[in-house]
Amino acid sequence: MGVNCSGKKMGIIERIKEIEAEMARTQKNKATEYHLGQLKAKIAKLRTQLLEPPKGSSGGGDGFEVTKFGHGRVALIGFPSVGKSTLLTMLTGTHSEAASYEFTTLTCIPGIIHYNDTKIQLLDLPGIIEGASEGKGRGRQVIAVAKSSDLVLMVLDASKSEGHRQILTKELEAVGLRLNKRPPQIYFKKKKTGGISFNSTLPLSHVDEKLCYQILHEYKIHNAEVLFREDATVDDLIDVIEGNRKYIKCVYVYNKIDVIGIDDVDKLARQPNSVVISCNLKLNLDRLLSKMWEEMGLVRVYTKPQGQQPDFSDPVVLSADRGGCSVEDFCNHIHRSLIKDVKYVLVWGTSARHYPQHCGLSHALQDEDVVQIVKKKEKEEGGRGRFKSHTTGPARISDREKKAPLKT
């Protein structure tokens with residue numbers, strides 16, 4: 001059974017290689033763009049088949065998934081021997097075995113960073129090599145863990161060539177991870193009948209109706225609704241049809257800057273989403289932490305009990321990736337049943353226009369806001385005469401107690 005599965009996998013990989021070779025041979029022009037679009041769709045389908053576990057196998061095998069902990073999750077990805085384990089040890093204090101040979105780390109080692117009153121889980125993963133998306137060197141398990149994280153730190157060796165970054169990005173793209181991109185603005189919905197309706201809200205320069213039909217035909221979809229809200233490419237359309245893509249923020253971390261010249265360091269540091277560090281000399285680690293914090297977009301919200309000072313020791317941490325940052329999400333974070341009793345909330349902080357601001361459940365909170373929840377009042381018993389909040393008498397007049405007739 002195992003031999004059969006591996007043979008099938010090899011067959012898929014070979015077919016992908018053949019199609020890639022054909023794409024490389026084909027000239028890019030108006031006449032061939034439909035053909036290239038179909039080939040791209042074929043490759044995407046084959047790659048999805050590669051990711052699926054083989055039929056008849058129970059469970060996913062020996063992955064190294066670690067329980068989620070803390071308010072955010074960051075995965076370290078990179079080639080072997082670029083300093084991932086050393087970086088984990090520096091930032092979290094958790095000891096991860098580091099030595100001067102490749103593949104020192106063989107499983108996933110978690111550590112916790114305590115930063116700005118929050119706990120961020122940092123995962124040290126084994127090094128990735130070229131061909132990881134096809135399952136070389138436990139690459140598939142590494143990428144599976146990266147998919148479940150909120151941020152990817154791509155650790156690169158500053159002294160090595162710039163090509164490493166492209167190779168890693170290509171490997172991650174091959175398994176459906178999209179780094180520093182947002183989901184394309186394409187509405188796609190399968191239907192039972194009615195053929196394919198193709199619409200766009202602006203002129204398209206990369207895709208036309210015929211190409212869209214061909215790609216959908218490749219996926220055996222003959223009834224669907226497609227609406228383009230931006231000038232997207234063929235790859236974006238395939239991503240939307242596949243529907244299993246994960247869009248993750250990524251920070252490129254260049255380690256070992258102590259072995260290259262200052263001009264090269266300056267050039268690397270000016271690239272977008274890049275931070276240069278040195279674990280050996282402990283340079284710029286604070287900048288890396290602040291960049292991580294900025295990219296993850298965590299929002300700390302402090303609670304204030306009525307008539308007391310705010311509690312600044314233990315914030316409620318919200319994020320757009322995990323739930324959202326509105327007042328409603330904040331209430332759900334404290335307790336699910338709280339939302340029924342909320343009358344309004346008072347907010348102090350950068351999201352409020354004046355202090356305190358009365359807000360509803362849809363108000364978006366920002367970092368370090370202070371929130372006081374005002375609950376609906378229960379109807380109290382008590383009061384007298386016309387000050388009574390509600391009568392204790394029966395609802396129907398015929399049910400009332402008759403008073404004894406006056407004695408005359």
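On a predicted model such as this, the values are computed, not experimentally measured, just so you know.
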Side-chain donor-acceptor contacts of residues 184-204 below 3.5 Å, not counting sequence neighbours, with atom names and distances?
from : atom 1 : to   : atom 2 : distance (Å)
S200 : OG     : L202 : O      : 3.2
T201 : OG1    : F228 : O      : 3.3

Looking only at the side chains, is there a donor atom on one of R73 and S148 sitting less than 3.5 Å from an acceptor on the other? yes
Decide whether H71 and S319 meet the rule of one side-chain donor and one side-chain acceptor closer than 3.5 Å. no
Within this structure, what is the [atom1]-[atom2] distance for the pair [X] and [Y], rounded to the nearest 0.5 Å?
X	Y	atom1	atom2	value
L283	K256	CG	NZ	14.5 Å
K210	Y34	NZ	OH	5.0 Å
L39	E22	CG	CD	5.0 Å
C250	I77	SG	CD1	8.0 Å
Y252	N180	OH	CG	5.5 Å
Q214	L216	CD	CG	10.5 Å

[X] atom [atom1], over 12 foreign heavy atoms within 6.0 Å:
X	atom1	result
K42	NZ	no
Q166	CD	yes
H222	NE2	yes

Side chain proximity check, [X] to [Y], heavy atoms < 4.5 angstrom:
X	Y	value
I277	L87	yes
M154	T169	yes
V327	V371	no
Y115	L91	no
V207	I215	no
K343	K375	no
K291	N273	yes
D236	H206	no

Verify, without hydrogens or angle tests, whether [X] (side chain) and [Y] (backbone) share a donor-acceptor contact under 3.5 angstrom.
X	Y	result
D266	I262	no
K249	M292	no
K304	L346	no
D369	T350	yes
T86	K84	no
R15	L46	no
D124	I109	no
D150	M296	no
N255	V82	yes
D329	S326	yes

Looking at R47 and E20, is any side-chain nitrogen of the basic one under 4.0 Å from a carboxylate oxygen of the acidic one? yes
Ion pair D367/R300, N-O distance below 4.0 Å: yes
Does the side-chain contact (heavy atoms from CB on, under 4.5 Å) test come out yes or no for Q38 and H217, once each step is laid out? CA-CA 9 Å; Q38 269 183 312; H217 196 79; 5.9 Å; no
Taking only residues two or more places apart in sequence, or in another chain, which ones meet H35 in a ring pair (Phe, Tyr, Trp, His ring centres under 6.0 Å)? none
Checking H358 now: which residues fulfil ring pair (Phe, Tyr, Trp, His ring centres under 6.0 Å) with it, not counting sequence neighbours? Y344
What pairs of residues pass the ring pair (Phe, Tyr, Trp, His ring centres under 6.0 Å) test when at least one of them lies in residues 148-180, not counting sequence neighbours? F79-H164
Could you list all the ring pair (Phe, Tyr, Trp, His ring centres under 6.0 Å) pairs where at least one residue sits in residues 303-338, not counting sequence neighbours? Y302-F312
How would you list, by chain and number, every residue that makes a side chain to side chain contact (heavy atoms under 4.5 Å, CB included) with S313, sequence neighbours excluded? D311
Might you work through the side-chain contact (heavy atoms from CB on, under 4.5 Å) test for V370 and Q372, ending with a clear yes or no? CA-CA 7 Å; V370 173; Q372 176 183 322; over 6 Å; no
The side chain to side chain contact (heavy atoms under 4.5 Å, CB included) partner of L289 among V275, I113, N116, N284 is I113
Check [X] against [Y] and note the closest heavy-atom contact, atom names and distance.
X	Y	value
S149	K246	O-NZ, 4.1 Å
S205	D231	OG-OD2, 2.6 Å
V347	S351	CG1-OG, 3.7 Å
V299	C325	CG2-SG, 3.8 Å
G78	L168	CA-CD1, 3.9 Å
C331	L338	O-CD2, 4.0 Å

Check the pair C212, L237 against side-chain contact (heavy atoms from CB on, under 4.5 Å), reporting the backbone distance first and the verdict last. CA-CA 8 Å; C212 179; L237 177 61; 4.1 Å; yes
Applying side-chain contact (heavy atoms from CB on, under 4.5 Å) to V265 and Y254, what does each step give before you reach the verdict? CA-CA 9 Å; V265 173; Y254 289 94; over 6 Å; no
